[in-house]
Amino acid sequence: MIKKVSIIFLILFFCFNLGTYGYFQIPIWKDQDGTTEVNAESANNFLNIESESAILIEQTTGTVLYEKNSHEILRPASVTKIMTVLLIMEAIDNGELSMQDKVSCSEKASKMGGSQIWLDTREELTVEEMLKAICVVSANDCAVAMSERIAGSEELFVNKMNEKAKALGMKDTTFKNCHGIDEDGHVTSSYDISLMSRELLVNHPDITKFTTIWMDSLRDNKSELVNTNKLIRTYEGATGLKTGSTSLALYNLSASATRDDLSLIAVVLRAPTSKIRFSEAKLLLDYGFSTYKFETFCKKNDSFEAIPISKGTESSVNLVFENNSGALVKKNENSNIKQDLVLNDNVSAPIKKGDVLGTINYYSDNGNLLSSVNLVAEKDIEKVGIINMFSHNLNNWFNLFRK
């Protein structure tokens with residue numbers, strides 16, 4: 001009996017000391033308000049992710065499907081360039097740039113080092129060529145050249161990056177440069193990377209023209225480009241997005257893919273090896289595609305039905321869906337969707353194209369609201385007046401005889 005008690009005491013003493021020196025520790029993260037909470041997904045890491053931090057989200061809704069230490073503050077390395085590319089695409093959309101604009105190379109840009117295409121201060125490339133180099137081979141020199149072209153200096157461009165990060169709710173992020181080379185205080189989290197990745201892919205889908213390139217060239221085929229993201233070549237439905245690695249950051253990746261209307265974004269940070277970052281991003285994406293599906297309810301500008309209107313030059317107006325609408329559901333769950341149609345009463349002219357005249361709400365079986373989409377007027381309908389009353393009545397007369 002004494003021997004048994006002694007053995008139990010020794011075991012408890014041994015375990016206590018292991019815990020004291022950090023061998024048995026539950027992973028934790030600090031919440032935005034500074035309080036410490038247990039990360040349930042980390043404590044129950046059912047996918048056995050080795051990377052320090054990881055997250056999987058659905059692209060359309062932003063729903064988090066899996067996470068491990070997703071708010072842990074880490075170095076992003078060249079995954080930083082997702083924000084750089086996002087601001088470039090916004091500048092193009094705003095008319096500040098065009099794809100064919102020529103961009104020069106400063107002394108600073110030419111001396112960046114790391115991943116680059118060895119820009120020369122005597123040459124100019126188009127915005128399109130710069131984007132290709134940034135997205136495919138993570139060119140630091142092109143990232144700096146574009147930042148200077150848009151904001152006048154990299155420093156001013158970084159201010160824009162931080163402003164955009166704040167607008168997107170990226171509370172774990174501080175940018176110090178536009179390329180991701182290690183710098184004190186240049187940090188983010190896998191959660192924040194998923195936010196900016198989603199913003200880029202949802203609002204600038206044309207970027208996949210660059211992020212899905214496996215091999216290409218520049219300078220009249222003199223400079224070969226091979227994508228640093230191996231999943232582009234090996235993973236079905238891959239759409240991007242960006243790799244990153246340094247000696248301090250280790251191996252990072254934001255990987256995106258689409259299959260059967262379901263779009264996913266997987267982010268892994270601080271993977272111990274390059275092989276593991278790709279295998280774990282693939283594992284996350286595989287989990288998402290095997291577990292979930294996206295049910296599309298309607299698509300933007302699809303016709304719904306016509307409704308009657310009064311006092312108009314036409315007796316009815318056709319309604320169309322204002323936006324795409326759908327919901328993320330688990331594959332093994334019953335997904336009987338119920339819809340509730342609400343139309344405006346006593347609709348009368350004048351009506352402008354895009355006026356909201358109704359709404360459809362989609363509900364799950366248990367009554368949870370899954371999605372809501374407005375029904376809008378397909379075109380303008382003028383109000384009948386003295387000037388157009390004669391032509392309106394004449395048209396009605398001719399239409400009567402055609403019937």
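In this text, all values refer to a predicted model and were calculated from it rather than measured experimentally.
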- Could you point out which residue of E163, M161, E183 forms a side chain to side chain contact (heavy atoms under 4.5 Å, CB included) with F175?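 So the option named by the test is M161.
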
- Item | Option from N346, L357, V317 for which side chain to side chain contact (heavy atoms under 4.5 Å, CB included) with I309 holds |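 Among the candidates, only V317 passes.
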
Do [X] and [Y] meet the criterion of a side-chain donor-acceptor pair at a distance under 3.5 Å?
X: S115; Y: S138; answer: no
X: S217; Y: N221; answer: yes
X: N368; Y: N366; answer: yes
X: S106; Y: E148; answer: yes
X: S110; Y: T121; answer: no
X: K81; Y: T84; answer: no
X: S303; Y: N318; answer: yes

- Query: Partners of F289 by ring-ring contact (aromatic ring centres under 6.0 Å, His included), sequence neighbours excluded?
  - Reply: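 Partners of F289 by the ring-ring contact (aromatic ring centres under 6.0 Å, His included) criterion come out as none, since no residue qualifies.
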
Expected output: side-chain [X] to main-chain [Y] donor-acceptor under 3.5 Å:
X: D380; Y: K353; answer: yes
X: E50; Y: P272; answer: no
X: N227; Y: I213; answer: yes
X: N140; Y: G113; answer: yes
X: D220; Y: K222; answer: no
X: S290; Y: Y287; answer: yes

- Item | With R233 via side chain to side chain contact (heavy atoms under 4.5 Å, CB included) - residues at least two apart |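 So R233 forms a side chain to side chain contact (heavy atoms under 4.5 Å, CB included) with W214.
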
- Contacts of S153 that satisfy side chain to side chain contact (heavy atoms under 4.5 Å, CB included) - sequence neighbours left out: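 Listed in chain order: E155, L156.
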
Answer yes or no: does atom [atom1] of [X] have more than 12 heavy-atom neighbours from other residues, nucleotides or ligands under 6.0 Å?
X: Y191; atom1: OH; answer: no
X: E123; atom1: CD; answer: yes
X: D184; atom1: CG; answer: no
X: K108; atom1: NZ; answer: yes

Which pair of heavy atoms, one from [X] and one from [Y], lies closest together, and at what distance?
X: I117; Y: D141; value: N-OD2, 3.1 Å
X: I337; Y: E295; value: CG1-OE1, 3.7 Å
X: I381; Y: S316; value: CD1-O, 4.2 Å
X: T173; Y: A165; value: CG2-CB, 4.5 Å
X: E96; Y: D101; value: O-OD2, 4.3 Å
X: T80; Y: G180; value: OG1-CA, 3.5 Å

- Given side chain to side chain contact (heavy atoms under 4.5 Å, CB included), test T126 with K102 step by step and report yes or no. CA-CA 4 Å; T126 64; K102 294 285 188 178; 4.1 Å; yes

From [X] atom [atom1] to [Y] atom [atom2], the distance as rounded to the nearest 0.5 Å:
X: I265; Y: R198; atom1: CD1; atom2: CZ; result: 8.0 Å
X: R149; Y: L97; atom1: CZ; atom2: CG; result: 5.0 Å
X: C298; Y: E322; atom1: SG; atom2: CD; result: 10.5 Å
X: L283; Y: S51; atom1: CG; atom2: OG; result: 10.0 Å
X: I73; Y: S189; atom1: CD1; atom2: OG; result: 5.5 Å
X: N162; Y: M83; atom1: CG; atom2: CE; result: 8.0 Å

Given side chains that start at C-beta, do those of [X] and [Y] come closer than 4.5 Å, heavy atoms only?
X: L285; Y: L56; answer: yes
X: V347; Y: D355; answer: no
X: K176; Y: V158; answer: no
X: F304; Y: I360; answer: yes
X: N229; Y: L241; answer: no
X: I49; Y: L284; answer: yes
X: L131; Y: M146; answer: no
X: F157; Y: V144; answer: no

- Query: Going through the distances and angles, do N323 and N374 end up as a side chain to side chain contact (heavy atoms under 4.5 Å, CB included)?
  - Reply: CA-CA 7 Å; N323 291 302; N374 289 330; over 6 Å; no

- Please walk me through it: do T211 and V85 pass side chain to side chain contact (heavy atoms under 4.5 Å, CB included)? CA-CA 11 Å; T211 58; V85 170; over 6 Å; no

- Go through the steps to decide whether E305 and L343 satisfy the test side chain to side chain contact (heavy atoms under 4.5 Å, CB included), and finish with yes or no. CA-CA 11 Å; E305 65 180 38; L343 293 175; 4.2 Å; yes

- What residues form a salt bridge (Lys or Arg N to Asp or Glu O under 4.0 Å) with E90, not counting sequence neighbours?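 So E90 forms a salt bridge (Lys or Arg N to Asp or Glu O under 4.0 Å) with K164.
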
- Query: Hey, would you say the F297 and F321 ring centroids sit under 6.0 Å apart?
  - Reply: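 Judged by ring-centre distance (under 6.0 Å), F297 and F321 do not meet the cut-off.
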
- Query: Are E314 and K379 close enough for a salt bridge, meaning some N to O gap below 4.0 Å?
  - Reply: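 A salt bridge links E314 with K379.
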
Show every donor-acceptor pair shorter than 3.5 Å between a side-chain atom in residues 251-262 and any protein atom, with sequence neighbours excluded, or say none if there are none.
residue: N252; atom: OD1; partner: R270; partner atom: N; Å: 2.7
residue: N252; atom: ND2; partner: R75; partner atom: O; Å: 3.0
residue: N252; atom: ND2; partner: P76; partner atom: O; Å: 3.0
residue: S254; atom: OG; partner: S197; partner atom: OG; Å: 2.9
residue: S256; atom: OG; partner: T239; partner atom: OG1; Å: 2.7
residue: S256; atom: OG; partner: G240; partner atom: N; Å: 3.2
residue: T258; atom: OG1; partner: S263; partner atom: OG; Å: 2.7
residue: R259; atom: NE; partner: E236; partner atom: O; Å: 3.0
residue: R259; atom: NH2; partner: Y235; partner atom: OH; Å: 3.4
residue: R259; atom: NH2; partner: E236; partner atom: O; Å: 3.3

- Where at least one partner belongs to residues 200-213, residue pairs that pass salt bridge (Lys or Arg N to Asp or Glu O under 4.0 Å), sequence neighbours excluded: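 Those involving residues 200-213 are E128-K209.
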
